[in-house]
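One is the number of the first residue; the rest follow in order along the sequence. Both ligands and their constituent atoms are indexed starting at 1 by order of listing. Not measured: the values here are computed from a predicted model.
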Amino acid sequence: MEDCIFCKIIKGEIPSEKVWEDDNILAFKDINPAAPIHILVIPKKHIPTLMDLKPEDNELISKIMQTIKQIAKEQGFAENGFRLIANCGPDSGQEVMHIHFHVLAGKKMGPKMIG
Ligand code: 5GP
Ligand code: ZN
């Protein structure tokens, strides 16, 4: 998608600090981290929101979850744990319309964010 920031990051048109890349998935550091470790994990396929996921995307989402596990091991926060957030649509405050999973780690986190 031409006007999508994350598609531009995938194409290398916008620089990013990558922590993982394979044929289908990219993970990179969030530009405005909300925790000592804040990684965004995205599919290379442009899918605007979680509501646009189709049954044929199930394997991709499953691969993203396995990749998050792998990143947690490689980056050293598998033991201490992390928080996984996916915003969807206006009420969540989703800003970038290309699905992404926020992986937050590196500190003891407070109460669950629910509103
Ligand atoms: P959302 O609010 O859509 O769930 O999260 C979008 C995230 O993308 C935000 O945490 C924001 O800091 C991050 N972000 C936006 N633009 C860029 C960018 O150009 N580079 C990187 N690395 N992160 C970005
Ligand atoms: Zn995109």
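What sits closest to atom 18 (C) of ligand 1 on the protein, heavy atoms only, is I9 CD1, 3.9 Å. With hydrogens left out, the protein atom closest to atom 22 (N) of ligand 1 is K29 O, 2.9 Å, a heavy atom. Summary of contacts: the protein heavy atom closest to atom 1 (P) of ligand 1 is H100 NE2, 3.1 Å.
Contacts of F6 with ligand 1, taken as heavy-atom pairs under 4.0 Å, involve the side chain alone. If you look at I5 next to ligand 1, the close heavy atoms, those under 4.0 Å, all belong to the side chain.
Close approach to E95 involves these atoms of ligand 1, each under 4.0 Å from a residue heavy atom: 1 (P), 2 (O), 3 (O). Counting atoms of ligand 1 from 1 in the listed order, those under 4.0 Å from a heavy atom of Q94 are 3 (O). Against a heavy-atom cut-off of under 4.0 Å, N87 is close to the following atoms of ligand 1: 1 (P), 2 (O), 4 (O). Each of the atoms 12 (O) of ligand 1 lies under 4.0 Å from some heavy atom of N32. When each atom of ligand 1 is checked for a heavy atom of G93 under 4.0 Å away, the hits are 2 (O). Within ligand 1, counting atoms from 1 as listed, the ones closer than 4.0 Å to a heavy atom of F28 are 21 (C), 22 (N).
Between S16 and ligand 1, no N or O atom pair is found at a separation short of 3.5 Å. Considering backbone and side-chain atoms together, H102 places an N or O closer than 3.5 Å to an N or O of ligand 1. For ligand 1, none of its N or O atoms has an N or O atom of H38 under 3.5 Å away. Between V96 and ligand 1, at least one N/O pair is under 3.5 Å apart.
The nearest pair of heavy atoms linking N87 to Q94 is O-OE1, 3.5 Å. Nearest heavy atom pair, residue P36 against residue G106, reads CG-O, 3.4 Å.
A continuous path of hydrophobic side-chain contacts links I61 to W20 [ILVMFWY only; heavy atoms under 4.5 Å]. In the hydrophobic clustering of this structure, V19 does not group with I9; members are Ile, Leu, Val, Met, Phe, Trp, Tyr whose side-chain heavy atoms approach within less than 4.5 Å, directly or through other members. I31 and F101 are assigned to two separate hydrophobic clusters, defined by single-linkage of ILVMFWY side chains at heavy-atom distances under 4.5 Å. Taking hydrophobic clusters as Ile, Leu, Val, Met, Phe, Trp and Tyr residues chained together by side-chain heavy-atom distances below 4.5 Å, I68 shares a cluster with F77.
Seen from the Zn ion (ligand 2), atom SG of C7 and atom ND1 of H46 lie 110° apart in angle, a value rounded to 10°.
The environment of CD in E56 is crowded: more than 12 heavy-atom neighbours from other residues, nucleotides or ligands sit within 6.0 Å.
Nearest to atom 12 (O) of ligand 1 by heavy atom, out of L40, I31, D30, is D30.
Side-chain atoms of K63 and Q66 form no donor-acceptor pair, as typed in the model, at a separation below 3.5 Å.
For H98, the N, O or S atom closest to the Zn ion (ligand 2) goes by the atom name ND1.
Residue contact check for ligand 1: M97 places no non-hydrogen atom closer than 4.0 Å to it.
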